[in-house]
Amino acid sequence: MAVGLREFARRTGNGSGTPPVLDESNGEELMHVQPSVAVALGNRSLESPGTLYITSRKLIWLSDVDMAKGYAVDFLSISLHAVSRDPEAYSSPCLYTQIEVEEDEDEEHESDTESTGALDLSKIREMRLVPSDSAQLDTLFDMFCECAELNPEPVEEEEESEHNWVFSADQMVVGGGAEEDGEWPISQSPTSVIGLSVGDEGLAQPMLELHINDQRFDDAEEMVHESETKDH
């Protein structure tokens with residue numbers, strides 16, 4: 001589940017530009033570093049520039065002024081990212097992101113634009129990244145796209161099982177034994193095709209061909225034949 005924006009200040013050393021501590025044991029890798037990037041949370045004003053670190057799992061921004069200040073958000077929590085160069089939308093060219101947050105049914109959401117009180121990062125739904133060199137926006141956008149592909153939305157087990165209509169060869173029973181095993185006999189004829197396959201591999205994928213026991217029809221024909229014989 002998405003956890004939203006959170007504080008992050010774990011660095012590998014002291015001083016400005018020191019990279020963050022990554023979860024390397026679980027395969028997290030540093031993908032891109034962009035210095036001199038200011039950040040604006042919600043409709044708040046820009047904070048002092050820092051360094052943006054894009055990893056294979058998340059986005060990390062560390063302040064160059066306050067060594068104890070930083071933010072992180074997983075790519076699974078970022079629902080949208082786009083380059084904005086429209087001065088009417090924002091005063092500076094930026095990379096605009098929308099962040100998923102957990103809904104709280106017990107209280108109404110307060111606007112994250114309030115400047116009084118402590119900032120609740122868990123309610124921040126928008127973040128703007130403003131590099132000092134706006135020419136780097138396209139590079140940042142491409143990196144966001146690449147890392148988003150590395151973090152696809154997980155599929156819930158119930159949803160997966162509900163729509164799982166694919167059968168392996170081991171799950172298919174060919175020939176007799178249908179009444180004993182509760183399985184349907186299956187034809188292996190390559191001409192027996194039902195429905196469409198999902199994906200670009202082709203529209204015709206061999207599926208199950210169900211064979212109905214025609215014995216009841218044979219019995220009905222015998223009964224009609226006997227009736228006609230008696231009449232004659």
Student: Is there a donor in the side chain of E28 and an acceptor in the side chain of T55, or the other way round, less than 3.5 Å apart?
Tutor: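 Present: a donor and an acceptor within the cut-off.
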
Student: For a quick test of reading the model, state the closest non-hydrogen atom pair linking P93 to P131 and the distance between them.
Tutor: O-CD, 4.3 Å

Student: Are V37 and L137 linked, directly or through other ILVMFWY residues, by side chains that come within less than 4.5 angstrom of each other?
Tutor: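 Result: yes, single cluster for both.
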
Student: Could you pull out the closest heavy-atom pair between G42 and I124, with the gap in Å?
Tutor: N-CG2, 4.1 Å

Student: Okay, side chain of W61, backbone of A38: is any donor-acceptor separation there less than 3.5 Å?
Tutor: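 Not a single qualifying donor-acceptor pair exists.
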
Student: What I'd like to find out is whether the side chain of D23 reaches to under 4.5 Å of the side chain of S25, using heavy atoms alone.
Tutor: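 Yes, their side chains come closer than 4.5 Å.
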
Student: In the structure I gave you, are the side-chain heavy atoms of R11 and L62 within less than 4.5 Å of one another anywhere?
Tutor: yes

Student: So how far is it from R125 CZ to N43 CG, rounded to the nearest 0.5 Å?
Tutor: 12.0 Å

Student: Could you give the distance from OG (S92) to CG (L129), rounded to the nearest 0.5 Å?
Tutor: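 These two atoms lie 12.5 Å from each other.
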
Student: Answer with yes or no whether the hydrophobic clustering places I54 together with Y71; edges join I, L, V, M, F, W, Y residues whose side-chain heavy atoms lie under 4.5 Å apart.
Tutor: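 Shared cluster, yes.
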
Student: Hydrophobic clustering (ILVMFWY, side-chain heavy atoms < 4.5 Å, transitive) - are L22 and V33 grouped together?
Tutor: yes

Student: In the structure I gave you, are the side-chain heavy atoms of C94 and V83 within less than 4.5 Å of one another anywhere?
Tutor: no

Student: For the side-chain hydrogen bond (donor to acceptor under 3.5 Å, both in side chains) test, which of H81, R128, E126 pairs with Y96?
Tutor: E126

Student: Verify the distance criterion only: is there a donor paired with an acceptor across the side chains of S84 and D86 at less than 3.5 Å?
Tutor: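 S84 vs D86: no donor-acceptor pair found between side chains.
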
Student: Could you give the distance from CG (D64) to OG1 (T18), rounded to the nearest 0.5 Å?
Tutor: 9.5 Å

Student: M127 and side-chain contact (heavy atoms from CB on, under 4.5 Å): which partner among L59, I78, L95?
Tutor: L59

Student: Is L119 reachable from F8 through a run of hydrophobic residues whose side-chain heavy atoms are each under 4.5 Å from the next?
Tutor: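 No, F8 does not connect to L119 through the hydrophobic network.
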
Student: About how many Å separate CD of Q34 and OG of S132, when rounded to the nearest 0.5 Å?
Tutor: 7.5 Å

Student: Rounded at 0.5 Å granularity, tell me how far OG1 in T97 sits from CZ in F75.
Tutor: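 Separation between the atoms: 10.0 Å.
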
Student: Could you check whether atom CD of Q98 has more than 12 heavy atoms from other residues, nucleotides or ligands sitting under 6.0 Å from it?
Tutor: yes

Student: Which one of R57, K58, R6 satisfies the salt bridge (charged side-chain N to carboxylate O under 4.0 Å, His left out) criterion with D74?
Tutor: R6

Student: Does some side-chain heavy atom of E100 sit less than 4.5 Å from a side-chain heavy atom of S79?
Tutor: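 S79 vs E100: side chains touch.
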
Student: Say whether L41 and I60 are linked into one hydrophobic cluster, either directly or through other cluster members, by side-chain heavy-atom distances under 4.5 angstrom.
Tutor: no

Student: Using side-chain heavy atoms (C-beta onward) and a distance below 4.5 Å, is M31 in contact with S56?
Tutor: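 With C-beta onward as the side chain, the pair touches.
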
Student: Do the side chains of V39 and L46 get nearer than 4.5 Å, heavy atoms only?
Tutor: no

Student: Counting C-beta onward and ignoring hydrogens, is there a side-chain heavy-atom pair between H32 and L140 closer than 4.5 Å?
Tutor: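 When only atoms from C-beta onward are counted, L140 and H32 do touch, with a gap below 4.5 Å.
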
Student: Using 0.5 Å steps for rounding, measure from the CD atom of Q136 to the CG atom of D142.
Tutor: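 Reported to 0.5 Å precision, the distance equals 11.0 Å.
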
Student: To check you understand the geometry: which heavy-atom pair defines the closest contact between V3 and S77, and what is its length?
Tutor: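 Minimum heavy-atom separation between V3 and S77: N-OG, 3.2 Å.
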
Student: Between R85 and D138, is the salt bridge (Lys or Arg N to Asp or Glu O under 4.0 Å) condition met? List the steps.
Tutor: CA-CA 11 Å; R85 294 188 174 92; D138 290 335; 3.2 Å; yes

Student: Quick one: does any side-chain atom of T12 pair with a main-chain N or O of P19 as donor and acceptor, under 3.5 Å?
Tutor: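 Looks like yes, one N/O pair under 3.5 Å.
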
